[in-house]
Structure formats: C-alpha cells, structure tokens
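Structure record follows, encoded as structure tokens.
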Amino acid sequence: MRMGHFFAGITAFGLGLFLAYMYSPLVVMFVKGAGQPVLIILGALALLSVIFDRTSHKKVSLGAAVVFLAIGGYGFYDEYIATMDFIYGCFPVLMVIGGLMAVAHGIKSQT
C-alpha cells in the first residue's frame, strides 16, 4: 500500500465532502452555471478546428465557433453569479473524485 497516496486521498476526500456540505447551495446550483464554460470551451475547440483543419469544413467550424463563443460569452456576462457558483460548486466535487482516485491508487500494491 502506498501510504502517501492513501493519506492524501483520504484528506482530499474528506476536504471535498466538507466543502460540498459547506457550499451545498452552490453545489446544487452549479449546473445552471455549467453552460457558459462548456460553450466557451466548445467554441475554442471549434476555432482551433478552423485554424488547424485541412478539410473543406472550415466554414461550418467557423460558424459553430462564432455561435458557441457568442452564446457562451453572453451567458457568462448575463449569468456571472451562476457561472461563479458553478466554479465554486465544482471544486468540492472534483476534490472528492480526486480523493477517491488517490485512495484507489494508494491501495493498489506496488510492483
């Protein structure tokens, strides 16, 4: 057993559960703010597709990039509080998942 991974995983898992409890209204409402970052990431990926794609679909990718970035940018402006709630609510959930992964990796025998 890797004790460092195990103890770090238990600590991250416990801290994630504590933060999820402490910010429970934010954790519940983070879905409302998830749309803006997701759309901005999709728009950036579509824009990268326009830059690096060598096929004839550049106009479709450019149209998707403009639409996703425009909707994501306006949504971030309009729903700033919900987007920040998403960021604050997502962090504890990621801590719990990371903690469980570290515990599982710490329990695995060394070879």
Side-chain angles (χ1 to χ4, degrees):
M1 182 183 297
R2 298 178 181 130
M3 294 307 284
H5 281 97
F6 184 75
F7 288 126
I10 291 293
T11 303
F13 180 74
L15 183 62
L17 285 179
F18 172 73
L19 290 173
Y21 172 73
M22 188 172 198
Y23 295 111
S24 60
L26 301 177
V27 174
V28 170
M29 292 182 52
F30 86 96
V31 174
K32 182 178 178 183
Q36 292 79 19
V38 169
L39 286 173
I40 289 173
I41 290 170
L42 287 176
L45 289 174
L47 194 59
L48 286 174
S49 174
V50 169
I51 295 170
F52 295 113
D53 192 15
R54 294 187 179 161
T55 63
S56 62
H57 303 294
K58 288 190 175 209
K59 290 182 181 179
V60 174
S61 296
L62 182 62
V66 168
V67 168
F68 286 150
L69 288 173
I71 293 173
Y74 178 74
F76 186 75
Y77 166 76
D78 190 40
E79 296 289 337
Y80 177 77
I81 301 293
T83 304
M84 295 314 292
D85 286 349
F86 166 72
I87 292 169
Y88 293 144
C90 190
F91 183 72
V93 173
L94 292 176
M95 291 290 289
V96 169
I97 292 170
L100 289 175
M101 289 174 55
V103 167
H105 185 68
I107 292 174
K108 190 171 83 172
S109 64
Q110 291 180 332
T111 55

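Among residues two or more places apart in sequence or in another chain, the side chain to side chain contact (heavy atoms under 4.5 Å, CB included) test is passed with Leu19 by Leu15, Tyr23, Phe91, Pro92.
For Gly43 against Ala65, the heavy-atom pair with the smallest separation is O-CB, 3.6 Å. Closest approach of Ser61 to Ala46, counting heavy atoms only: O-CB, 3.7 Å. Minimum heavy-atom separation, Thr83 to Gln36: OG1-OE1, 3.2 Å.
Both Ile107 and Ile10 are part of a single hydrophobic cluster, where members link through side-chain heavy atoms under 4.5 Å apart. With hydrophobic clusters built from ILVMFWY side chains whose heavy atoms lie under 4.5 angstrom apart, Ile71 shares a cluster with Phe68. Residues Val38 and Leu69 do not share a hydrophobic cluster, clusters being chains of Ile/Leu/Val/Met/Phe/Trp/Tyr side chains in contact below 4.5 Å. Hydrophobic clustering (side-chain heavy atoms under 4.5 Å, transitive across Ile, Leu, Val, Met, Phe, Trp, Tyr) groups Tyr88 together with Phe18. Both Val67 and Leu42 are members of a single hydrophobic cluster when ILVMFWY side chains are connected at heavy-atom separations under 4.5 Å.
With hydrogens and angles ignored, the 3.5 Å screen pairs a side-chain donor or acceptor of Thr11 with a backbone N or O of Phe7.
Atom CG of Leu62 and atom CG of Leu47 lie 7.5 Å apart (nearest 0.5 Å). Distance check: Met22 CE to Leu17 CG gives 14.0 Å after rounding to the nearest 0.5 Å.
Taking the six-membered ring where tryptophan is involved, the planes of Tyr80 and Phe76 are perpendicular, since the angle between them exceeds 60° and thus also 30°.
Remark: Met101 CE is loosely packed, at most 12 non-hydrogen atoms of other residues, nucleotides or ligands lying under 6.0 Å away.
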